[in-house]
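Beneath this line is the structure, given in structure tokens, with notes to follow.
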2 protein chains.
Amino acid sequence: MEDRTETSLIALRRILRATELNARTLARATGLTTPQLIVLEIVVAAGRATPKDIAGKAGVGQATATSLVDKLEARKLVTRTRSERDKRVVWVAPTEEGKALLSAAPDPLQKTFSEQFQALPDWEQGMIVAALERVGAMLNAGALDAAPLLDVGAVDRK
Amino acid sequence: MEDRTETSLIALRRILRATELNARTLARATGLTTPQLIVLEIVVAAGRATPKDIAGKAGVGQATATSLVDKLEARKLVTRTRSERDKRVVWVAPTEEGKALLSAAPDPLQKTFSEQFQALPDWEQGMIVAALERVGAMLNAGALDAAPLLDVGAVDRK
DNA sequence: AAAATATAATTTGATTAGCGAATAAAACTT
DNA sequence: AAGTTTTATTCGCTAATCAAATTATATTTT
């Protein structure tokens, strides 16, 4: 393998590693497990979502989504409401408590990243965005590009 | 949040998403679960590793590492050997079968990435490597850079 | 050298995650 | 109206994961 290819893969793995560890830390901080946190983030970001949406975005089966929603509902972080228009569907929406929990536990990784990124010179910001998008495109070229899971970031916006 | 910061985060999330899905696909293809596959990769990369090493590198607790090694050992993909020098430690090493399994299941994501990467013009390769390393550094700046996942292979041995 | 402390792996007991298959209800199709 | 599809849920089962307790071995202190 080309040397630079290898180097890029290593760099990628470091990124994955950092974000993965961060997810666990964050989950702990909130008292939720990682999958539960992901579901809550999805619901908060979207305003409301069906179990099917959640399953798709979180990359798990519907049955799993249901059970994760169960947990969150039990903790009063989300509510379930049957849709009037189509009574098969259930809307899962965050409670105030659910929203509060997320904003009270700001993602430390995202925070440091954002701060540092914004401190970079303009040309470097541009370079990084271009490179990340290039890499994302390359990775998604193989796997058929699935739904945009992680509009998670929503978290920040005041 | 600055627009470009947001854009970069979205790009990052797409990357994470793609690799996550890939991990599952790969695990299925090998008949292993994702954590099991990660452990096997660690062991193969390092030549041999203790459960403690594995726990650190895989980012799980020692108890979990032990149980994952159990599964792999049951399938004869790795072996356990007590160290002579220090009888508290156990060396986990891949069997031929374990190594074969990994090489027989080439990572599709890594493959397409490598191919595409190598097809890029020189300047772009350089740009991507630089950007990925920059991002990795930024991410690891916040979280105290935990165990260097990828010094895999460093370990002792003859 | 004996006692205390530390380290490594494992076992145990519990919860959570996750899947596939089956079920139930509602909505579409023909 | 009958059949098909979609949505959510339930059920049974396996795997992952952790914390705490346990066992064996090393290291350090007295």
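The analysis underlying the following values was restricted to heavy atoms, covering all of them including side chains, and did not include hydrogens, waters or symmetry mates. In the text below, chain A, chain B and the rest are named by the order of the sequence lines, each starting its count at 1.
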Are Thr64(B) and dC18(D) close enough that a side-chain N or O sits under 4.0 Å from OP1 or OP2? yes
For Thr50(A), which contact category applies under a 4.0 Å heavy-atom criterion: base, sugar-phosphate, or nothing? sugar-phosphate
Could you give the NZ-to-P distance, from Lys52(A) to dA8(D), as a whole number of Å? 8 Å
Quick check on side-chain contact (heavy atoms from CB on, under 4.5 Å): which of Thr30(B), Val44(B), Val43(B) does Leu102(B) satisfy it with? Val44(B)
Residue whose nearest DNA chain D nucleotide is more 5′ - Arg28(A) or Val89(A): Val89(A)
Check nucleotides 20-24 of chain D for protein N or O atoms closer than 3.5 Å to its own N or O atoms and list the pairs.
none

Of all heavy-atom pairs between Gln36(A) and Leu72(A), which one has the smallest distance, and what is that distance? O-CD1, 3.8 Å
Is the backbone N or O of Leu77(B) less than 3.5 Å from a side-chain atom of Thr95(B), with the two atoms forming a donor-acceptor pair by type? yes
With salt bridge (Lys or Arg N to Asp or Glu O under 4.0 Å) as the criterion, how do Glu20(A) and Arg17(A) come out once you've worked through the C-alpha distance, each side chain's angles and the decisive distance to 0.1 Å? CA-CA 5 Å; Glu20(A) 190 184 304; Arg17(A) 165 80 170 169; 5.2 Å; no
Figure out the CZ/P separation between Arg75(B) and dT14(D), and round it to whole Å. 13 Å
In whole angstroms, the gap separating P of dA22(C) from CD of Gln62(A) amounts to 16 Å
Without swapping roles, check the side chain of Arg82(B) against the backbone of Lys87(B) for a donor-acceptor pair under 3.5 Å. yes
Sub-4.0 Å heavy-atom contacts from residues 76-86 of chain A onto DNA chain C, ordered by number: Arg85(A), Asp86(A)
Taking Gln125(A) for the side chain and Phe117(A) for the main chain, is one N or O donor matched with an acceptor at less than 3.5 Å? yes
Nearest-Å distance, CD1 (Ile38(B)) to P (dA15(D))? 17 Å
Whole angstrom value for the distance that separates P of dT10(C) from CD1 of Ile54(B): 9 Å
Between P of dT16(C) and CG of Asp70(A), the distance in whole Å: 12 Å
Side chain of Pro51(B) - closest among dG18(C), dT10(C), dT10(D): dT10(C)
Residue pair Asp53(A)/Arg24(A) against DNA chain D: nearer the 5' end by closest nucleotide is Asp53(A)
Starting at CG of Leu68(A) and ending at P of dA8(D), how long is that distance when rounded to a whole Å? 14 Å
Would you tell me whether Thr19(B) and Asn22(B) have side-chain atoms, one donor and one acceptor, within less than 3.5 Å of each other? no
Integer-rounded Å distance: dG18(C) C1' and Leu32(B) CG: 17 Å
Counting only heavy atoms not in Arg24(A), do more than 12 fall under 6.0 Å of its CZ? yes
Can a salt bridge be assigned to the pair Asp122(B) and Arg4(A) using a cut-off of 4.0 Å between side-chain N and carboxylate O? yes
